[in-house]
Amino acid sequence: MSARKYLVLKDSVAEKKYRFSMKETILEGTRRRKEGGLLCKWVILFAGGVAGNGAPKREELELIVEAAGGKAIFQSDLPIRKEDDKMRVIVITSDPPSNVQIKNKDLQRITAEGAGSFTTTWLFDCITRQKLE
């Protein structure tokens, strides 16, 4: 079955609400796929309390990250493997981050070792636009 008839190429309401261009997203996504995907070579570490708490469930977060070429791990999976470069790790917290996430020693250590730290809103904006900004 062809998916073409189900493909949404223009959604003015969503584009206005989320401030993006579907055309630009498709073009950027096509370019990114040639490079392995938006999150190619990135490890996305979800802080405790993110999955299923105002964000998709764990399994869905894994699918989203993997579809973008990345590797999803969760705080319960720590420690990070030695072969995973901390400079290629992005810690994702709730938006806003909870006090537990902010004060977590493991997450503080990982960010001190070079990992970036952003919120779920940032991640989904990046996925929507196919740009890490």
[Y] side chain reached by [X] side chain, heavy atoms, under 4.5 Å:
| X | Y | value |
| --- | --- | --- |
| T93 | T120 | no |
| L45 | L78 | yes |
| I80 | V43 | no |

Salt bridge (Lys or Arg N to Asp or Glu O under 4.0 Å) contacts in which one or both residues fall within residues 119-130, not counting sequence neighbours: D125-R129
Listed once per pair and sorted, the salt bridge (Lys or Arg N to Asp or Glu O under 4.0 Å) pairs that draw on residues 65-75, sequence neighbours left out: K71-D84
For D77, all residues meeting salt bridge (Lys or Arg N to Asp or Glu O under 4.0 Å), sequence neighbours excluded: R58
Who are the side chain to side chain contact (heavy atoms under 4.5 Å, CB included) partners of [X], not counting sequence neighbours?
| X | value |
| --- | --- |
| N53 | none |
| I64 | P56, F124, I127 |
| E113 | K86, R109 |
| T128 | F20 |

Given I73, V89, I90, the one that forms side-chain contact (heavy atoms from CB on, under 4.5 Å) with I44: I90
Joint hydrophobic cluster, V91 plus W42, side-chain heavy atoms closer than 4.5 Å: no
Any donor and acceptor pair, going by atom type alone, linking the side chain of [X] with main-chain N or O of [Y] inside 3.5 Å?
| X | Y | value |
| --- | --- | --- |
| S98 | Q101 | yes |
| Q75 | G48 | yes |
| Q108 | I102 | yes |

Output every pair passing ring pair (Phe, Tyr, Trp, His ring centres under 6.0 Å) with a member in [range], not counting sequence neighbours, ordered by first then second residue.
| range | answer |
| --- | --- |
| residues 70-116 | F46-F74 |
| residues 91-113 | none |
| residues 49-69 | none |

Might you point out which heavy atoms bring [X] and [Y] nearest each other, and give the distance in Å?
| X | Y | answer |
| --- | --- | --- |
| L107 | N104 | N-OD1, 2.9 Å |
| I92 | T119 | CG2-C, 3.9 Å |
| S117 | T111 | CB-CG2, 3.8 Å |
| G49 | S94 | O-OG, 3.7 Å |
| K57 | A51 | C-CB, 4.2 Å |

Approximate separation, where rounding is to 0.5 Å, of K105 NZ and I110 CD1: 13.5 Å
By ring-ring contact (aromatic ring centres under 6.0 Å, His included) - contacts of W122 (at least two apart): F118
Partners meeting side-chain hydrogen bond (donor to acceptor under 3.5 Å, both in side chains) with E35 (sequence neighbours left out): R31
